[in-house]
Amino acid sequence: MANNAEARRDGVPIYDAEAIETKWQDVWEKNDTFKAREDSDRPKKYVLEMFPYPSGDLHMGHARNYTIGDAMARQARMRGFEVLHPMGFDAFGLPAENAAIKNNTQAGKWTYANMDQAVRTMKRMGFSYDYERLVRTCDPEYYKWGQWAFLKMWEKGLAYRATSPVNWCPSCNTVLANEQVVDGKCWRCGSVPEKRELSQWYLRITQYAQELLDDLDKLEGWPENVKAQQRNWIGRSEGAEIDFALAAEDGVTPTDRLITVFTTRPDTLYGVSFFLLPPESPLAAELVAGTEHEEAYLVLKKSVEQVSSVDRQGSEREKHGVFTGRYVINPLTGTPAPIWIADYILLDYGTGAVMGVPSGDQSDFEFARKYDLPIPPIIARQDDPLYDELKDERNMRVTNVDWDHAMDAEGYLIQSGPFTGMLGGKHSPAVDAIIDYLGERGVGRKTVQFRLRDWLISRQRYWGNPIPMIHCDECGDVPVPYEDLPVTLPEDLDLGAGETLAECEEFYATTCPKCGKPAKRITDTMDTFTCSSWYFLRYCDPHNDSMPFSKESVDRWMPVDNYIGGIEHAILHLLYSRFWTKVMRDLGLIDIDEPFTNLLCQGMVKDANGDTMSKSKGNVVPPSSVIGPYGADTMRLAILFIAPSEKDFNWDEEVVAGANRFIKRAWRVVWGLSQTADANAKLEPKSLGKAGAELYRRMHELGIRCTTDFDRAQFNTAISAVMELVNDASAYLNSTPAEQRDPALTFVVARTIVAMLSPICPHWGEELYHEALGMEGSVYEEAWPTFDANAAKADTVQLAVQLMGKVRARIDVAADATKDEIEAVAREALAAHIVGKTVRKVIVVPGRLVNIVAN
RNA sequence: GCCCGAGUGGCGGAAUUGGCAGACGCGGAGGUCUCAAAAACCUUUGUCGAAAGACGUGUGGGUUCGAGUCCCACCUCGGGCACCA
C-alpha cells in the first residue's frame with residue numbers, strides 16, 4: 001500500500017482502511033487507551049457483551065453483538081464516563097470435547113487456540129476492551145471461585161444432591177437442566193432426552209422463585225418479551241391444596257389416609273366427578289397392586305415410558321386412563337369420587353394428584369367423555385338457561401354438559417351447596433369463600449405453585465468445572481476444604497482413547513477430609529452456565545486470588561449498565577445470573593439485587609435469503625471476508641446502519657458497499673473542511689453568511705438528534721444524522737469558495753462529524769482527528785460535542801397550512817411569530833379556499849402547522 | 001389455549017408527547033466528467049394522473065380540528081409457555 005503522503009488526490013489522502021486500522025490498533029494497545037481506571041473520579045459505566053463460547057473464530061453474530069457494545073462503550077467514554085468494557089470466554093463445554101476427539105488433541109489446547117484466534121479478530125475489529133481483564137472460565141484461577149461459591153451454597157443448603165427422574169441426553173451422554181430441554185429436545189444437539197432416575201446435584205433456585213418474579217418489575221431497561229418469557233418460565237400460580245380422604249375398600253367410608261391435590265380453582269370442588277394420579281405415582285402402583293386393575297395399569301405405565309417426552313406433550317394426544325377400583329371422599333360434599341390413573345397427569349407439578357372437574361377443564365372434559373364419567377355442571381353465566389334451572393338447590397341434578405357450558409368464561413356457581421350463586425373463576429369471591437370454609441375444617445389451605453424447578457447442575461462430562469465434593473462411605477458427601485481449592489481438572493485426559501473423568505483414578509482417588517479414610521471425589525462437573533452466571537462480577541476484580549472479587553470493586557462497577565447479547569439467553573443465562581447475583585447478595589458479598597440494568601437483545605444475522613447462517617448449510621459469511629476488502633470501520637458501520645439493533649437482518653453486500661462509499665465520502669468532506677479550518681479561530685454565529693449560518697444551525701440540530709439516538713441505542717438513525725451533516729457540509733463546500741469559508745465553522749463542523757462517527761468508525765475517527773484536524777491525544781479523550789437547542793432553531797420556519805386536516809398551502813413565517821400573526825398569514829394563504837365559508841376554528845401548532853376548520 | 005411482539009414505497013428502514021408519512025441508505029431512471037469504463041458528482045424516484053388533484057402506514061369501525069401513533073373488533077406473521085390441574 002502506498003503511504004498517505006504519496007497517495008493523494010486533490011490534496012486529500014486516499015482512504016487506506018488497512019493502514020489506518022493497524023496503525024491505531026497499535027497506538028491504543030501501546031497507550032492502554034481503554035484501560036478501566038479504578039481511581040478515576042468520573043462516573044462509571046459498565047458496558048458488557050455476552051462473552052463467546054470459543055468454538056472457532058468469531059462469526060457475524062459476534063461481530064454484531066460486539067460492535068453494538070463497542071459503539072456504546074466508546075461513546076460513553078466521550079460523554080465523560082469511566083468505562084469498564086471487558087471481554088472473556090465461556091471456555092468449558094462439550095464442543096471442546098468433541099473437537100478434541102475429532103482432531104486427536106486435548107480439549108484445553110483446542111480451546112486456548114480458539115481463544116487466541118478470537119482475540120486477534122477482536123483486536124482487528126478495533127473493539128475497545130480492557131484486555132488486561134480477560135477472563136477465561138477454564139483457567140483454574142477463575143473456576144476455583146465457582147467451586148468456592150458452590151461450597152458456600154452447600155453450607156446454606158442451596159446446593160444439594162437428590163435422586164429423581166432427570167433428562168438424559170443420549171448423544172451428549174449427560175443429564176440436562178430443565179431449561180436446557182428446548183421444545184422437548186436437547187438445547188445443544190437436538191436429540192430427544194430420555195427420563196432416567198439418577199442421583200444428581202442441584203442448586204435451589206426455587207427458593208428465589210418469588211423474588212426472581214417480583215424483581216422483573218424493577219427491570220425497566222429490559223425488553224418486555226424477555227421479562228414475559230421469564231415470567232412464563234417461573235410460572236407462578238395461586239391456588240389451594242385440598243385434602244381428600246382415601247376411602248376404604250367399600251368405596252364410601254373415609255380412612256385416615258389423605259391425598260392432597262393442588263388446584264387453582266377450588267371454586268369447582270362441587271364439580272369433582274373423579275380423581276387422578278399419574279402413572280409414575282407410587283400410590284397408584286400401591287392401590288392397584290394385586291387387583292384386577294393391575295394388569296391394565298402396567299400396560300399404561302409401560303406405554304408412557306415408551307413415549308418420549310415430546311410426544312407426551314401437546315394437547316392433540318389422546319388421553320388414556322385406568323380405573324383403580326378405589327375412591328376418595330370429597331371433603332366438601334362427602335361424596336366419593338373414583339380414582340383413575342391418567343397419562344396426562346404430571347408427577348412433578350403441584351402435589352402429583354389432581355381432582356377431575358370435567359365441566360371446568362378441557363382435559364378433564366375429554367377424559368370424562370372418553371371413559372363415560374359424569375360431567376356435572378357447576379358454573380353458568382346468568383343468561384344461560386341452565387343457570388335459572390339449577391340455581392335452585394332443589395333442582396340439583398347431575399347432568400352432562402357440553403364444553404360450551406364450561407366455566408372458562410365468567411360465571412356463577414350452580415349446584416354448589418351454600419356457595420351457589422356466587423361469582424366463580426380465578427381470584428373470584430367463590431374461591432376465597434371455599435378456601436376459608438375448607439380452612440376452618442382443616443382440609444384445605446391457600447398455596448402458591450411455581451413451574452420453575454431446581455437447577456440441575458451436575459454433568460457427566462470431562463471439560464467442565466469439577467464439583468468440589470468427596471463421597472465417603474462412612475461420612476457421606478463431604479465438601480472439599482476451602483484451602484484445597486481448586487479441585488483441578490486434569491489437562492491431559494486422552495478423550496480420543498475413551499478416557500473419562502469418572503475412570504480417572506488419579507483424579508478421583510482421595511481421602512475423606514472428615515475421617516481420613518480412602519474416599520472418592522465426585523467426578524461430575526458443573527453445568528457451564530454456572531461459569532457464566534457470575535463472570536461479570538469477576539471482571540470487576542479479575543486477578544483477585546483471595547476472593548472471587550472484592551466488595552470494593554463490585555461496589556465500584558456493578559451493576560452492568562448496558563448488557564448486550566442474544567435473545568436465546570432470555571431464560572437460561574439471564575435467569576441463572578439473576579439467581580447467582582441474589583445468592584451472592586445473601587452471602588454478603590454484594591449489595592445489589594439485580595446484575596443488569598439495561599438489556600439489549602440484538603437480532604440475528606441471516607444470509608441474503610433470510611436463512612440462518614450455519615456451517616452445514618455452507619452459507620456463512622465470515623467477518624474476515626468483509627474486513628479484508630473494506631476494513632473494520634466499514635463493517636462496523638454497515639452492521640449498525642442496516643437495521644435497528646434488536647431486529648434480525650439479512651446480510652447484504654450492497655449495504656457494505658454503501659457504507660464504504662459513505663465512509664470515503666465523509667473522509668473527503670472532513671479533509672475538505674480541514675483546508676480552511678482553524679482550531680483557534682473564534683466562531684461568530686452572526687457573521688457566518690447565509691450558507692454558513694445554515695450549516696451551523698444544522699450541526700446543532702443534527703447533533704442533538706445524534707446524541708439522543710446514541711442515548712437510546714438507536715445507531716441506525718444516529719448514523720443517518722451524521723450522513724445528513726456530511727451532506728450539508730458537502731453542499732457548503734460546493735457552494736462556498738474556499739476563501740469565503742469561515743475557519744472557525746469549518747473546524748467545528750469537521751470536528752463534530754469526526755466525533756459523532758468515532759464510536760462507530762474509531763480508526764477513521766482517530767486518523768482524521770490527528771491528520772486532518774491536527775489534534776493531539778486520542779479522540780476518546782475529547783469530550784462529546786455539546787449542542788445548543790437555541791442554535792438549532794431557524795429564523796424562519798415553513799408551516800403547513802391545512803384546511804380541515806388536509807395540507808393546502810405552505811407558508812414561511814418568522815420563528816418567533818405570534819399565533820395571531822401566523823393565523824393571519826395562514827388565512828391569507830387559504831383565502832381562495834375559504835371564500836364563502838365560515839371559519840369555525842383555527843389551530844396553530846408552533847413550528848409545525850396551522851389547521852383551519854371551515855365549512 | 002395463555003403470554004409477549006410486529007405489520008409503513010421495489011428493498012433495509014425513519015417519524016421523542018396525536019401535528020407536513022416515507023428522514024437516511026440501497027436499488028432504479030436521467031445527466032456531467034471520460035475515447036471508454038470504473039470512481040466521483042448533479043437531478044429524479046410512494047401510487048394513479050399531462051396537470052390540477054386524488055389515493056396512501058394489514059382490515060373494518062370509532063375518538064379528534066388532525067391518527068402510522070389513542071380506543072374497539074378482526075386478519076396475518078414472528079417469538080415464548082403449555083395435557084401445569
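Given the structure is predicted, the values throughout are model-derived calculations rather than measurements.
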Tell me what [X] touches on the nucleic acid: a base, only sugar-phosphate, or nothing, going by heavy atoms under 4.0 Å.
| X | value |
| --- | --- |
| A/R712 | sugar-phosphate |
| A/V853 | sugar-phosphate |
| A/L849 | base |
| A/Q714 | sugar-phosphate |
| A/Q798 | base |
| A/K664 | nothing |

Please state the [atom1] separation for the pair [N] and [M] - nearest whole angstrom.
| N | M | atom1 | value |
| --- | --- | --- | --- |
| B/C70 | B/U57 | P | 15 Å |
| B/U59 | B/G12 | C1' | 25 Å |
| B/G66 | B/C81 | C1' | 42 Å |
| B/G7 | B/C55 | P | 25 Å |
| B/C48 | B/C3 | P | 43 Å |
| B/G9 | B/G58 | P | 8 Å |

Any non-hydrogen side-chain atom of [X] less than 4.5 Å from a side-chain atom of [Y]?
| X | Y | value |
| --- | --- | --- |
| A/R231 | A/L213 | yes |
| A/W233 | A/N178 | yes |
| A/R369 | A/I375 | yes |
| A/I811 | A/Q798 | no |
| A/F262 | A/T264 | yes |
| A/L575 | A/L212 | yes |

Rounded to whole angstroms, how far apart are [atom1] on [X] and [atom2] on [N]?
| X | N | atom1 | atom2 | result |
| --- | --- | --- | --- | --- |
| A/E654 | B/G28 | CD | C1' | 12 Å |
| A/I663 | B/C26 | CD1 | P | 14 Å |
| A/Q802 | B/U64 | CD | P | 17 Å |
| A/D217 | B/C4 | CG | P | 13 Å |
| A/I571 | B/G79 | CD1 | P | 14 Å |
| A/K647 | B/U8 | NZ | C1' | 11 Å |
| A/W340 | B/C83 | CH2 | C1' | 17 Å |
| A/Q229 | B/G78 | CD | C1' | 12 Å |

Which atom pairs, one a donor and one an acceptor, fall under 3.5 Å between side chains of residues 644-652 of chain A and the rest of the protein, sequence neighbours left out?
from   : atom 1 : to     : atom 2 : distance (Å)
A/D648 : OD1    : A/M604 : N      : 2.7
A/D652 : OD1    : A/E654 : N      : 2.9

Does [N] have a Watson-Crick or wobble partner in any strand here, with both distances under 3.5 angstrom, and which is it?
| N | value |
| --- | --- |
| B/G12 | B/C24 |
| B/G1 | B/C81 |
| B/A39 | none |
| B/G53 | B/C48 |
| B/A73 | B/U59 |

**Asked** Among residues 716-730 of chain A, which contact RNA chain B at a heavy-atom distance under 4.0 Å?
**Response** A/N716, A/T717, A/S720, A/M723, A/E724, A/N727
**Sequence-distant partners of A/F274, ring-ring contact (aromatic ring centres under 6.0 Å, His included), two or more places apart** = A/F367
**Asked** Just by distance, do the side chain of A/S273 and the backbone of A/P374 share a donor-acceptor pair under 3.5 Å?
**Response** yes
Nucleotide of [options] approaching [X] most closely (side-chain heavy atoms):
| X | options | value |
| --- | --- | --- |
| A/P644 | B/C4, B/G13, B/C41 | B/G13 |
| A/N232 | B/A85, B/C3, B/G19 | B/C3 |
| A/K426 | B/A85, B/G19, B/A15 | B/A85 |
| A/E224 | B/C65, B/C41, B/G5 | B/G5 |
| A/R848 | B/C84, B/G19, B/C24 | B/G19 |
| A/T263 | B/C81, B/C41, B/A85 | B/A85 |
| A/F641 | B/C24, B/G19, B/C84 | B/C24 |
| A/V845 | B/G19, B/C55, B/C65 | B/G19 |

Would you please confirm or rule out a distance under 4.0 Å between OP1 or OP2 of [N] and any side-chain N or O of [X]?
| X | N | answer |
| --- | --- | --- |
| A/R665 | B/C41 | yes |
| A/R661 | B/C26 | yes |
| A/K227 | B/C4 | no |
| A/R808 | B/G53 | no |
| A/R231 | B/C4 | no |

**Prompt:** Is B/G9 in the syn range, within 90° of 0, or in the anti range?
**Reply:** syn
**Item:** Charged N-O contact under 4.0 Å between A/D364 and A/K319
**Value:** no
**Message:** Between B/C65 and A/N851, counting only base atoms on the nucleotide and side-chain atoms on the residue, is there a donor-acceptor pair under 3.5 Å?
**Reply:** yes
**Message:** Given the structure, check if the side chain of A/K319 and the base of B/C83 hold any donor-acceptor pair shorter than 3.5 Å.
**Reply:** yes
**Prompt:** Near A/K806 NZ, under 6.0 Å, is it more than 12 heavy atoms from other residues, nucleotides or ligands?
**Reply:** no
**Prompt:** For RNA chain B, whose closest nucleotide is more 5', that of A/F450 or that of A/A643?
**Reply:** A/A643
